[in-house]
Amino acid sequence: LEFPGYPLTDAGEQSGFLGVTQGPNLFVSVLKSRGLRRIDPRDLPTALKSRVGTTVAMQFGEQPFALSLGVEPSPPLFRAESTALLSIEPDGVRNETTLDVERSRGSLYEIEVAVPPELKVASVGPPELVEAAAASASQAGGEAGPRILRIRLTPQARDRSSFSLKLSGRQAAAGTGDVRLGLFAPRGAATSTTTIAVSAGPDVSLEPTDDSMAQEPPDAAGPKPSA
């Protein structure tokens, strides 16, 4: 993007300031400049520095000048933390997941969540944060791979730096033997962590297949014997 300024004919002095405001999910950089001096955006005149999102500020003492800007897409940067409560009953598994999202850069319009084929989406909310939600077919084709749940955010959610989504799903009972428990998995986050809590009804026996991934709650082990 090239900008030569607006030279005025017969003007005795042509000095001023220039501020560059970038839109959401864009990155603007100065490739080269001539006749311009870069300054802190806080040193701009009041009319310019009051504009939200000004990332480049320049001062010039004469015109014409030369300014070349580079504009590139800048995907939003966010972190996601999931807390999944899995309730195992004889007729199936209920999945209640809270997805905490913290945005640090850009604007989030949509959140993508991978959903395994065995997990059926029951609801996505809350309604004041979720405008629409729809799951697409498996990217792997057929029923083998996960579906992608696209959650369109409301303007209220997009204006927040952090918010929480509630996802619920249902998984059919698999009978006896090893059972693979499906989880909602957010995509595109810079970092993503998941905490899982599993509970079983009185008619269900539950044992982890990998003891290294399981931890009993603090009150489950009971009091320790005294020496």
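Sequential numbering from 1 along the given sequence is applied to the chain's residues. This structure is a prediction, so every number in the text was calculated from the model and none was measured.
- The closest side-chain donor-acceptor pair between S68 and E2 falls under 3.5 angstrom.
- L129 is listed as a side-chain neighbour of R160, based on a closest heavy-atom distance under 4.5 Å.
- Open room surrounds CD on E62; 12 or fewer heavy atoms of other groups in view lie less than 6.0 Å from it.
- Between E118 and R180 there is a salt bridge, since a side-chain N of the basic residue sits under 4.0 Å from a carboxylate O of the acidic one.
- Contact annotation: the side chain of L18 approaches that of L67 to within less than 4.5 Å [non-hydrogen atoms, C-beta and beyond].
- Residues S136 and R150 have side chains that bring a donor and an acceptor to within less than 3.5 angstrom of each other.
- Judged purely by distance below 3.5 Å, without hydrogens or angles, the side chains of D100 and T98 never pair a donor atom with an acceptor atom.
- Distance alone, capped at 3.5 Å, is enough to place a donor-acceptor pair between the R147 side chain and the L119 backbone.
- Contact check on R79 versus E102 returns a salt bridge, with a Lys/Arg side-chain nitrogen under 4.0 Å from an Asp/Glu carboxylate oxygen.
- Classification of D91 and R170 as a salt-bridged pair holds, one side-chain N sitting under 4.0 Å from a carboxylate O.
- For R51 (side chain) and G19 (main-chain N/O), no donor-acceptor pair under 3.5 Å exists by modelled atom type.
- T21 and T54 are linked by a side-chain donor-acceptor pair at a separation below 3.5 angstrom, with hydrogens and angles left out of the test.
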